Amino acid sequence: MKDIAYYNGQTGPIDEMTVPMNDRACYFGDGVYDVSYVFNHIPMAIDEHIDRIYRSAAMIDIHPSMEKKELKHILFSLIDRVEGESLILYFQFSRGVAPRGHDYTNMTGVPSLWAYVKPAALVDAFQDYKGITVEDKRFFFCNIKTINLLPSVLANHQAHAAGAEEAILHRGDRVTEGSHSNISILKDGVLQTAPLDELILPGITRAHVIRICQRLSIPVREEPFTVKEMMEADEVFFTASGALCCRFYEIDGIPVGGRDMKTFCAIRDAYEAERRAECGLD
Ligand code: PMP
């Protein structure tokens, strides 16, 4: 198949799939999701993505009826049915189907599983990107990968309307993360990235980058940094499953980075090598 959608046991082409209007994802964004990229029919870091969706679900009191093993089996069976060497795997649990009502105390249904697989390419990590800064107006659930993404959608649209690729969110002076990525800087040979708290998503790519730095003996500081520190950093880059590691050359129309390409390229190339090895591409 060219692509596939899944909803509670039913499958079909994405464009033809319908879901019940009373699924609480539709009214409330009452659910959590995760995304992995798939090469050679192997989804990258799939166990980490599955662990995160169960963690996200538990944090909003959603308890999927299926075990992680069963979810993994379903996701692999969907991937197997789609042609192509480079795919995106999207999956989400919503609280389930029930007549609209904020309180879910008396809900009888079980959480719904939604998923799709379709062709998609990674953002090219061998290009450089433009960013803009946007005030972070999200709520304090940023560590939970909920499907409530309106502020991120608007910020990302603002970036594209300005001819940039990513919006870098900040609360006051403090850089939090991108609209759909984590942001890191390099300064004096040290990788600095925001600490894990309720203001950022614990990115799986971020965690891999930290491990790569440890392997390459690049010191890591998980501490907040300001917009000014970012603008003056030796390199600024975003990380996400769909992009791995991509550097900015301009933010808000001002040139940034370009002073420690050696360290940036070492991290990016190590990540690319990891991807190729994990997905059997060599
Ligand atoms: N932060 C936000 C807000 C995101 O949406 C994403 C991508 N889903 C990330 C960070 C990066 O996370 P990951 O590396 O796990 O894709």
Side-chain angles (χ1 to χ4, degrees), residues 29 31-39 43-57 59 75 86-93 115-116 120-123 125 129 131-160 165-171 174-185 191 193-213 220 222 224-225 230 236-248 267-268 270-272 274-275 278:
V32 292
Y33 76 106
D34 224 295
V35 176
S36 168
Y37 275 68
V38 181
F39 305 96
M44 282 181 72
I46 190 62
D47 290 328
E48 289 167 74
H49 288 279
I50 287 177
D51 284 346
R52 184 170 63 183
I53 200 172
Y54 277 81
R55 263 198 328 270
S56 291
M59 282 191 274
L75 298 178
S86 178
L87 308 169
I88 181 173
L89 165 67
Y90 176 96
F91 50 111
Q92 74 179 35
F93 283 118
Y116 68 74
L122 283 179
V123 175
Y129 294 91
I132 61 164
T133 54
V134 176
E135 181 71 40
D136 192 342
K137 294 183 184 156
R138 300 173 303 163
F139 55 13
F140 293 102
F141 276 2
C142 302
N143 53 329
I144 306 171
K145 206 163 166 56
T146 82
I147 56 178
N148 292 272
L149 292 173
L150 188 54
S152 306
V153 165
L154 295 176
N156 192 265
H157 173 73
Q158 202 177 320
H160 281 90
E165 283 80 24
E166 180 59 309
I168 301 166
L169 306 178
H170 57 93
R171 293 194 192 247
R174 177 181 163 182
V175 174
T176 50
E177 60 181 337
S179 70
H180 61 335
S181 64
N182 291 112
I183 306 290
S184 299
I185 59 175
L191 178 115
T193 195
L196 295 184
D197 56 19
E198 76 284 4
L199 301 184
I200 72 159
L201 183 80
I204 284 165
T205 319
R206 174 190 174 282
H208 280 246
V209 163
I210 290 174
R211 288 204 290 273
I212 286 168
C213 286
V220 175
E222 292 183 67
F225 54 87
M230 174 179 76
V236 188
F237 59 96
F238 62 97
T239 58
S241 299
L244 305 189
C245 237
C246 294
R247 68 180 280 282
F248 290 106
I267 298 168
R268 180 199 58 193
Y271 208 145
E272 175 60 8
E274 204 177 274
R275 176 181 82 89
E278 181 179 0

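For reference, positions follow the sequence shown, starting with 1. Order of listing sets the numbers, starting from 1, for every ligand and every atom in it. Below, all heavy atoms of this structure are taken into account, side chains as well, without hydrogens, waters or symmetry copies. Computed from a predicted model, the values in this text were never measured in an experiment.
Among the candidates Ile88, Ile46, Leu75, Leu89, the single residue satisfying the side-chain contact (heavy atoms from CB on, under 4.5 Å) test with Val38 is Leu89.
Using a cut-off of 4.0 Å between Lys/Arg side-chain N and Asp/Glu carboxylate O, Asp197 and Arg171 are scored as not salt-bridged.
Aromatic ring centroids of Tyr54 and Phe93 lie under 6.0 Å apart.
Ala125 is linked by a side chain to side chain contact (heavy atoms under 4.5 Å, CB included) to Cys246, Arg268, counting only residues two or more places apart in sequence or in another chain. In terms of the side chain to side chain donor-acceptor pair (under 3.5 Å) criterion, His157 has no residue partners (sequence neighbours excluded).
Protein residues with a heavy atom closer than 4.0 Å to ligand 1 are Tyr33, Arg52, Arg138, Lys145, Glu177, Gly178, Ser179, His180, Ser181, Asn182, Leu201, Gly203, Ile204, Thr205, Thr239, Ala240, Ser241, listed by chain and number.
Applying the salt bridge (charged side-chain N to carboxylate O under 4.0 Å, His left out) test to every pair with at least one member in residues 138-159, sequence neighbours left out, gives these pairs: Asp136-Arg138, Arg138-Glu177.
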